[in-house]
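Just below is one structure, and these are the notes that go with it.
For clarity, every value in this text was computed on a predicted model and none was experimentally measured. Position 1 is the first residue of the sequence, and the numbers go up from there.
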Amino acid sequence: WKKFTLELCALRAGQTVLDLAGGTGDLAIKQAKLVGESGHVVLADINGPMLREGRDRILNKGLVGSISINQCNAEILPFEDNSFDCITMAFGLRNVTDKPKALASMQRVLKPGGRLCVLEFSKPLYEPLEKIYDFYSFKILPKMGEIIAKDRASYQYLAESIRMHPDQESLKQMMIQQAGFDEVDVFNMTGGIVALHRAFKY
């Protein structure tokens with residue numbers, strides 16, 4: 001899913017990228033290699049401990065000059081207008097309280113001609129798959145969390161937060177009508193269990 005997201009980002013040398021809710025730096029490290037020494041990546045997350053883990057990984061990879069770290073809230077991004085060629089957010093939007101506000105903030109800091117790629121759990125496209133997915137999410141996943149991680153509540157929250165998240169079309173309309181993006185493409189993966197929304201600002 002993340003590899004496909006990176007492909008659709010279509011990053012080039014010299015570009016500036018913001019990876020939101022990037023925590024451990026998975027995407028940011030790959031993005032830094034794509035934009036090269038002439039480009040720059042900002043790894044941002046509201047969660048301090050996650051960012052510290054990301055910082056350690058960046059240090060280990062020798063990418064300190066290529067990636068900077070910023071602890072911030074996606075709803076009030078502390079960057080100037082038209083700052084980034086690309087913004088990514090992987091599995092973080094569903095945890096944002098005010099999604100339209102966050103998306104509008106992303107639209108503001110994106111350069112004209114830039115793109116936003118939001119990768120997130122979504123709504124399965126087929127009813128049989130949806131029933132299997134619901135059973136797995138609400139019955140098996142929390143039990144696995146209880147047994148393996150000794151944390152049933154977090155896995156229960158994961159299942160519930162996915163169901164509360166807007167479906168593919170609702171999120172697309174939110175991006176256009178409430179956040180001001182000019183064009184949005186939706187790419188369903190794994191039968192719609194995950195969707196990538198790619199939004200353009202012209």
Side-chain angles (χ1 to χ4, degrees), residues 1-74 77-80 82-96 99 102-103 105-122 158 162 165 168 171 175 181 183-201:
W1 299 331
K2 288 186 177 180
K3 184 180 178 184
F4 180 67
T5 301
L6 277 174
E7 288 173 6
L8 289 194
C9 287
L11 297 177
R12 300 190 305 275
Q15 290 190 322
T16 307
V17 184
L18 171 62
D19 183 33
L20 281 171
T24 55
D26 288 347
L27 273 179
I29 288 166
K30 291 182 174 67
Q31 290 165 340
K33 292 173 182 174
L34 292 169
V35 300
E37 291 183 6
S38 58
H40 191 74
V41 178
V42 177
L43 170 62
D45 203 301
I46 199 168
N47 186 312
M50 291 284 282
L51 272 182
R52 284 193 287 276
E53 189 174 327
R55 180 199 60 201
D56 291 346
R57 293 188 66 201
I58 289 161
L59 284 167
N60 290 338
K61 296 280 185 182
L63 292 169
V64 177
S66 303
I67 304 172
S68 58
I69 292 172
N70 193 301
Q71 186 172 358
C72 62
N73 185 337
L77 292 172
F79 308 108
E80 293 183 5
N82 309 318
S83 295
F84 298 98
D85 296 290
C86 181
I87 300 173
T88 53
M89 191 176 207
F91 305 110
L93 187 62
R94 73 179 186 282
N95 296 319
V96 173
K99 294 175 182 60
L103 290 166
S105 188
M106 295 175 213
Q107 195 270 359
R108 178 186 64 78
V109 302
L110 198 63
K111 292 179 182 178
R115 66 189 69 196
L116 164 68
C117 290
V118 175
L119 182 67
E120 190 54 89
F121 292 109
S122 200
L158 173 63
I162 291 169
H165 188 68
Q168 289 90 324
L171 182 55
M175 288 175 153
F181 284 96
E183 180 187 335
V184 179
D185 300 320
V186 182
F187 302 87
N188 287 295
M189 291 175 272
T190 320
I193 287 173
V194 169
L196 173 66
H197 285 67
R198 182 179 61 177
F200 293 91
K201 174 182 175 179

Please check this pair: side chain of [X] against backbone of [Y], looking for a donor-acceptor N/O pair closer than 3.5 Å.
X: Glu120; Y: Ala195; answer: no
X: Arg108; Y: Leu77; answer: yes
X: Gln15; Y: Asp85; answer: no

Heavy-atom pair of closest approach, residues [X] and [Y]:
X: Leu110; Y: Leu116; answer: CD2-N, 4.0 Å
X: Cys117; Y: Thr5; answer: CB-CG2, 4.0 Å
X: Gly23; Y: Asp45; answer: N-OD2, 2.9 Å
X: Gln71; Y: Gly48; answer: NE2-N, 3.4 Å
X: Phe79; Y: Val42; answer: CZ-CG1, 4.0 Å
X: Leu27; Y: Ala90; answer: CD1-CB, 3.9 Å

Checklist line | Where at least one partner belongs to residues 19-33, residue pairs that pass salt bridge (Lys or Arg N to Asp or Glu O under 4.0 Å), sequence neighbours excluded | finding: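 The answer is Lys2-Asp26, Asp26-Arg57.
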Measure the [atom1]-[atom2] distance between [X] and [Y] for me, rounded to the nearest 0.5 Å.
X: Arg198; Y: Asp185; atom1: CZ; atom2: CG; answer: 4.5 Å
X: Met106; Y: Lys99; atom1: CE; atom2: NZ; answer: 10.5 Å
X: Lys201; Y: Gln107; atom1: NZ; atom2: CD; answer: 4.5 Å

Next item on the list: Applying side-chain contact (heavy atoms from CB on, under 4.5 Å), run through His165 and Leu171 and close with a yes or a no.
Entry: CA-CA 9 Å; His165 188 68; Leu171 182 55; 3.8 Å; yes
Next item on the list: Could you tell me whether the side chain of Val96 reaches within less than 4.5 Å of the side chain of Met89, counting heavy atoms only?
Entry: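 In contact.
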Margin query: Show, in sequence, the C-alpha distance, side-chain angles and deciding distance for Leu119 and Thr88, and conclude whether the side-chain contact (heavy atoms from CB on, under 4.5 Å) test is met.
Written below: CA-CA 8 Å; Leu119 182 67; Thr88 53; over 6 Å; no
Margin query: Assess the residue pair Val35 and Thr16 against the criterion (side-chain contact (heavy atoms from CB on, under 4.5 Å)); give the C-alpha distance rounded to whole Å, side-chain angles, the decisive distance to 0.1 Å, and a yes or no.
Written below: CA-CA 7 Å; Val35 300; Thr16 307; over 6 Å; no
For residues 60-70, dump all side-chain donor-acceptor pairs below 3.5 Å to protein atoms at least two apart in sequence or in another chain.
unit_1: Asn60; atom_1: ND2; unit_2: Asp56; atom_2: O; d: 3.3
unit_1: Ser68; atom_1: OG; unit_2: His40; atom_2: NE2; d: 2.8

Check: Which word best sums up how the rings of Trp1 and Phe91 line up, parallel for under 30°, tilted for 30 to 60°, or perpendicular for over 60°?
Finding: tilted
Margin query: For Asn188, give me all partners under side-chain hydrogen bond (donor to acceptor under 3.5 Å, both in side chains), at least two apart in sequence or on another chain.
Written below: Gln168
